[in-house]
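Right, one structure below, let's go through it.
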Amino acid sequence: MTAGLKTIIYPVKDVARAKAVFSALLQTEPYADEAYYVGFKDAGQDVGLDPNGQSRGMTGPVPYWHVEDIRARLAALLEAGAELLQDVTDVGGGKLIASVKDADGNLIGITQDS
C-alpha cells in the first residue's frame, strides 16, 4: 500500500524562469531553492523543479508515490517488468527517491521519507 501521490517533479531547462512561473501559480515562495532543485509546498502537495531531470530521462512531470519501504517496492516493480531509471538515492534530509519506466514508457517515481 502507498500513502498516495504527494509529490510531482517537473524537469526544467531554465530553473529561474520556472521558479517565477510556479511562484505565480502557487502564490508562494519555494521552501527549497538550490541550483539542483527548487521545491514548493501547496495544499499538502510537494511540487519540485529539477534542472537535471531531462538528463536522467524525465520527458515531462513525474508523479512520486510515497511508500514505506522503497527498496522492497522498487524490487517488486523490477520483478514486474519495470525498467530501472534511477536507483534508490538519498536526496537529503533522509528522503529517498527512485524511478522506473513501465512497459509503455511512462515514468513512475517512488519516494520514502525517513
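Just so we're clear, the structure is a prediction, and the values are computed from it rather than from any experiment. Values below: every heavy atom of this structure, side chains too, minus hydrogens, waters and symmetry copies.
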Non-hydrogen atoms of P61 and P11 that approach each other most closely: N-CD, 4.0 Å
V47 reachable from L5 in the ILVMFWY side-chain graph, under 4.5 Å edges: no
Side-chain heavy-atom pair Y37, I9 within 4.5 angstrom cut-off: yes
T111 and K95, any side-chain heavy atoms less than 4.5 Å apart: yes
Step-by-step side chain to side chain contact (heavy atoms under 4.5 Å, CB included) determination, Q86 to I97: CA-CA 8 Å; Q86 180 179 8; I97 65 169; 3.8 Å; yes
R56, CZ atom: more than 12 neighbouring heavy atoms under 6.0 Å: yes
Hydrophobic cluster membership, L49 vs V91, 4.5 Å side-chain cutoff: no
Any side-chain heavy-atom pair of V62 and I8 under 4.5 Å: no
W65 and R73, any side-chain heavy atoms less than 4.5 Å apart: no
Contact check, side chains of V38 and D50, non-hydrogen atoms, under 4.5 Å: no
ILVMFWY cluster, V88 and Y36 together (side-chain gap under 4.5 Å): no
Any donor-acceptor pair under 3.5 Å from T59 side chain to G57 backbone: no
Nearest non-hydrogen partners of S23 and P30, listed with the distance: OG-CD, 4.1 Å
Side-chain donor or acceptor of Q112 paired with backbone N/O of L96 under 3.5 Å: no
Heavy atoms of other groups near Q45 CD, more than 12 under 6.0 Å: yes
Side-chain H-bond candidate by donor/acceptor type, H66 with T2, under 3.5 Å: no
Ion pair check, K6 and D46, cut-off under 4.0 Å: no
Min side-chain heavy-atom separation L78-L84 under 4.5 Å: yes
ILVMFWY cluster, M58 and L85 together (side-chain gap under 4.5 Å): yes
Non-hydrogen atoms of A98 and I70 that approach each other most closely: N-CD1, 3.8 Å
Heavy-atom check, side chain of I110 versus side chain of Y64, under 4.5 Å: no
Side-chain touch L74/V100, heavy atoms, less than 4.5 angstrom: yes
Among I108, L77, L107, the one residue meeting side chain to side chain contact (heavy atoms under 4.5 Å, CB included) with D102: I108
